[in-house]
S.K.: 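Sharing a structure, written as structure tokens. Questions coming.
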Number of protein chains: 2
Amino acid sequence: MTTAPPPAASQTGRSRRSGRQPTIHDVAKAAGVSKSAVSLAIRNQRGVSEATREHILQVAQQLGYRSNVWARSLVQGRTGLVGILLQDLGNSYHRDVTAGVEDAAAELDLRLVIGHGRRDAARLQAELDSLLALGVEGVVIVSSWVPPQYLERVGRRVPLVVVGRLPGQVPGVDSVANRDELGARQAVEHLVELGHTRIAHLTGSARPAAMHRRAAFCEMMRSLLPGVDPQVEGPEQLEAAIRYLVFQVQQETSGPTAVFTQNDRVAADLVGACLDAGVRLPEQLSIVGYDNSSLCRMLRPQLTSVDQPRAQMGRMALDMLAERIGGRTEDRHVTVAPELVVRSSTAAPRG
Amino acid sequence: MTTAPPPAASQTGRSRRSGRQPTIHDVAKAAGVSKSAVSLAIRNQRGVSEATREHILQVAQQLGYRSNVWARSLVQGRTGLVGILLQDLGNSYHRDVTAGVEDAAAELDLRLVIGHGRRDAARLQAELDSLLALGVEGVVIVSSWVPPQYLERVGRRVPLVVVGRLPGQVPGVDSVANRDELGARQAVEHLVELGHTRIAHLTGSARPAAMHRRAAFCEMMRSLLPGVDPQVEGPEQLEAAIRYLVFQVQQETSGPTAVFTQNDRVAADLVGACLDAGVRLPEQLSIVGYDNSSLCRMLRPQLTSVDQPRAQMGRMALDMLAERIGGRTEDRHVTVAPELVVRSSTAAPRG
DNA sequence: GAACAGTGATGGAACGTTCCACGACATCTG
DNA sequence: CAGATGTCGTGGAACGTTCCATCACTGTTC
């Protein structure tokens, strides 16, 4: 049944188990046709009759023939590869964006190669280099950790689309982002409607997306609650900021009655700290997250959060990348609308 | 400063922006040497003098030369690529295993390509095919969803190492797994030491790892608490099983006082259901998870969980794969020891 | 000073594929 | 039946690299 492996496999790497991989020549010889005919048959191109095509395919199947992608892309001068650079595997936001990119890539017959930065700026950059060395025709970058100069330099060689906020203008690089100001507006409006006025913002990062969200929060507060000075905590020393917020809430007289956080991860930490300190949620404090990640439904109380259409953003990013590869030269920046998902971590303030 | 892109990039794909990628020939001509000399220089091989090497490297740098990976692997007959097949991006278990694999691969100068199954058996299989088409020299599979027949068939072409429980014997395929029986023993021992006797097991999957863990639980119970009939819920209709467990706990007379769950995900669902129903944790119910994922520290109470040395498992898997690629033919199956991490979701039972 | 060894450098032959120009043959058209 | 128009199929030339045999030269050794 199973063909036994040869007693001592050669070390050269050239000959895999059970001898060499069959090539197009082997198939041609076995089928009694030219290699060109085989090439046409397996690529489903016209130039061979239906009968010979079928015959060739059958022989190929029998021999276990697999076309060598490298040889093909060598002669065609294109690889059909696109890259996606992730800052962090194991993050559901990235997973969902990736799913969108994958779907769009599959439709366009592009193969997706994943690069993984592991939350480390240097590694992220190395990984991007590695993708380029592999010969990707473009890269979707799901991270705001790549420095703009580097982005611009790489962008000159190969099309790039960033999912998320770009740190300022980067000529030659496209982007797709959610409208943070709209997300912040929905969060603040929701809290104000519930009756909150002492609303704080908590952030754990100084990267563009976070800063943008923070600015949007401040602006929204000023327009909806003029006279109230918007309170902002973070991004340095997140843990201390959380402790301080919890302390303020426990005073009850002047502390915030609601917190809009930079994302669900930060919100989860805040929820944990509150529960540890005996702060009752949502009675004493309403909390709004950002991302609508899978965390929201696992926490208690379940987290009210701003949802980004992640898969759609991924699709758009890849479509834009494909346009670039196709020759578009002018920059494009698109944004999508986020949407608030209300759960049980928000309620009217006491009294 | 920035070289402007040409007004209309050609559509052929062959010529990238700013003309064709420079090849080894271009460098050779510019440096006034033969292409062979360039090849030797860039690969740091002997056969060129130090002076010419330096000169060549400088010219290459200036021209922005990048060696073409395909051409190289075409002639060398090996790609230097290994694959890793993940069932689910966005899962911290997979992320950590991947990190270990990445580190080991980097040390061996192998490039890692990630395949993503998106929790779908068919897609997983397609993704494995795609990796093979890319020419990987071996694959680490972090998933128990690939059917054994398929595993065996692919394993005949290319070395495979499975991280996790293999579904029975699969000749030609290696594996690295944690000792579920040891994990189950530690969990049960911990609960028994706290004074629990009515301990249930909750599982949400019928895959090998879960079944193995379940069997280990039953065995442990029989040996530590003879006379008690081990209660097992799931894997079908997880939600209903959870509801039933919560109902039993609320009776207080005969229901379980502790639950050992198949993994942290399932534990999180149970925690949520308990809190929703007003069951106090850990007073009324102790809960032990499996995986020691990032979830554990986000939930309240923080989850006691069995830790698997994920990164180490990843490293071992890749090292074993490299051995296989190097020519080893006999099968190897290694296991590692898990370790219980006690947090606040477990306590002595009331009364 | 002849034979030899070692170093630096070279051109041509692969690697497995696609592309292109062209040829053999059949079928249609006036 | 001569020419036009297809269809089916072919061999050779690329693609960018590494590998190998070979060569020219410089010392070194007897």
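All chains are named by letter (A, B, ...) in the order of the sequence lines, taking the proteins before the strands, and each is independently numbered beginning at 1.
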S.K.: Give a yes or no answer on whether the side chain of B:Asp331 reaches the backbone of B:Gly172 with a donor-acceptor pair at less than 3.5 Å.
M.R.: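 Answer holds: yes.
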S.K.: Could you give the CD-to-P distance, from A:Glu50 to D:dT7, as a whole number of Å?
M.R.: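 Taking atom P of D:dT7 as the reference, CD of A:Glu50 is at 14 Å.
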S.K.: If you only use heavy atoms from C-beta on, which nucleotide in D:dG16, D:dT18, C:dT18 is closest to the side chain of B:Thr23?
M.R.: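 Closest of the options to the side chain of B:Thr23: D:dG16.
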S.K.: In whole angstrom, give the distance that lies between atom CG of B:Asn44 and atom P of C:dG8.
M.R.: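 The distance from CG of B:Asn44 to P of C:dG8 comes to 14 Å, rounded to the nearest Å.
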S.K.: Which is true for B:Val33 with a 4.0 Å heavy-atom rule: it touches a base, it touches only sugar-phosphate, or it touches nothing?
M.R.: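 It contacts sugar-phosphate atoms only.
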S.K.: Could you tell me the separation between the CZ atom of A:Arg53 and the P atom of D:dT7, rounded to a whole number of Å?
M.R.: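 Spelled out: CZ on A:Arg53 to P on D:dT7 is 14 Å.
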S.K.: Are A:Thr52 and D:dG9 close enough that a side-chain N or O sits under 4.0 Å from OP1 or OP2?
M.R.: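 Indeed, a polar side-chain atom of A:Thr52 lies that close.
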S.K.: Roughly how many Å is it from CD1 in B:Ile42 to C1' in D:dG16, rounded to a whole number?
M.R.: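 Between C1' of D:dG16 and CD1 of B:Ile42: 10 Å.
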S.K.: Toward the 5' end of DNA chain D, which comes first, A:Ser49 or A:Lys35, by nearest nucleotide?
M.R.: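 Its nearest nucleotide being more 5', the pick is A:Ser49.
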S.K.: For a salt bridge (Lys or Arg N to Asp or Glu O under 4.0 Å) check, start with the C-alpha distance between A:Asp319 and A:Arg324, then their side-chain angles and the critical distance, and finish with the verdict.
M.R.: CA-CA 9 Å; A:Asp319 288 339; A:Arg324 275 275 194 195; over 6 Å; no
S.K.: Between the side chain of B:Asp88 and the main-chain N/O of B:Arg118, is any donor-acceptor distance below 3.5 Å?
M.R.: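 Such a contact is absent between B:Asp88 side chain and B:Arg118 backbone.
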S.K.: So which nucleotide from C:dT10, C:dT18, D:dT18 ends up closest to the side chain of A:Val75?
M.R.: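 Closest nucleotide to the A:Val75 side chain: C:dT18.
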S.K.: What is the separation between atom CD on A:Glu54 and atom C1' on D:dC8, rounded to the nearest whole Å?
M.R.: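 Rounding to the nearest Å, CD of A:Glu54 and C1' of D:dC8 are 16 Å apart.
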S.K.: Starting at the 5' end of DNA chain C and moving along, which residue's nearest nucleotide shows up first, B:Ala71 or B:Gly32?
M.R.: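 Nearest-nucleotide comparison on DNA chain C picks B:Gly32.
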S.K.: Grab the CD1-P distance between B:Ile56 and C:dG8 for me, whole Å please.
M.R.: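 The distance from CD1 of B:Ile56 to P of C:dG8 comes to 13 Å, rounded to the nearest Å.
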S.K.: Does B:Ser36 make a side-chain donor-acceptor contact with the base of C:dG11, cut-off 3.5 Å?
M.R.: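 Between C:dG11 and B:Ser36, which were checked side chain against base, a qualifying N/O pair under 3.5 Å is present.
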S.K.: Treating A:Glu137 as the side-chain partner and A:Gly80 as the backbone partner, does any N or O pair qualify as donor plus acceptor under 3.5 Å?
M.R.: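 Checking the backbone N and O of A:Gly80 against the side chain of A:Glu137, a donor-acceptor pair under 3.5 Å is found.
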S.K.: Between D:dG9, D:dT18, C:dT17, spot the one nearest the side chain of B:Arg72, thanks.
M.R.: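 The nucleotide sitting nearest to the side chain is D:dT18.
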S.K.: Considering only side-chain heavy atoms of B:Asn68, which listed nucleotide, D:dC15, D:dT17, C:dT10, is closest?
M.R.: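 Of the candidates, D:dT17 comes closest.
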S.K.: Just to confirm, is there a sub-4.0 Å distance from OP1 or OP2 of C:dT17 to any side-chain nitrogen or oxygen of A:Gln76?
M.R.: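 Answer is no, no contact under 4.0 Å.
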S.K.: Measure from CG on B:Leu40 to P on D:dT17 and round the result to the nearest Å.
M.R.: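 After rounding, the gap between these two atoms is 14 Å.
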S.K.: Checking contacts here: which listed nucleotide (C:dG11, D:dG16, C:dT7) is nearest the side-chain heavy atoms of B:Ser34?
M.R.: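 Of C:dG11, D:dG16, C:dT7, C:dG11 is nearest to the side chain of B:Ser34.
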S.K.: Please determine, by modelled atom types, if A:Arg43 and A:Ser39 share a side-chain donor-acceptor pair under 3.5 angstrom.
M.R.: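 Indeed, the side chains of A:Arg43 and A:Ser39 share at least one donor-acceptor pair under 3.5 Å.
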S.K.: Rounded to the nearest angstrom, tell me the gap between atom CG in A:Leu74 and atom P in D:dA13.
M.R.: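 About 17 Å, once rounded to whole Å.
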S.K.: Are A:His116 and B:Glu102 close enough that a side-chain donor and a side-chain acceptor fall under 3.5 Å?
M.R.: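 A donor-acceptor contact under 3.5 Å links the two side chains.
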S.K.: Taking only side-chain N and O atoms of A:Arg46, does any of them lie within less than 4.0 angstrom of OP1 or OP2 on D:dT7?
M.R.: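 So the side-chain polar atoms of A:Arg46 do come within 4.0 Å of the phosphate oxygens OP1 or OP2 of D:dT7, strictly under.
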S.K.: Given D:dC19, is OP1 or OP2 found less than 4.0 Å from the side-chain N or O atoms of B:Arg43?
M.R.: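 Checking B:Arg43 against D:dC19: at least one side-chain N or O falls below 4.0 Å of OP1 or OP2.
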S.K.: Checking all strands, does B:Ser73 fall into the base, sugar-phosphate, or nothing category for heavy-atom contacts under 4.0 angstrom?
M.R.: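 It contacts nothing in the nucleic acid.
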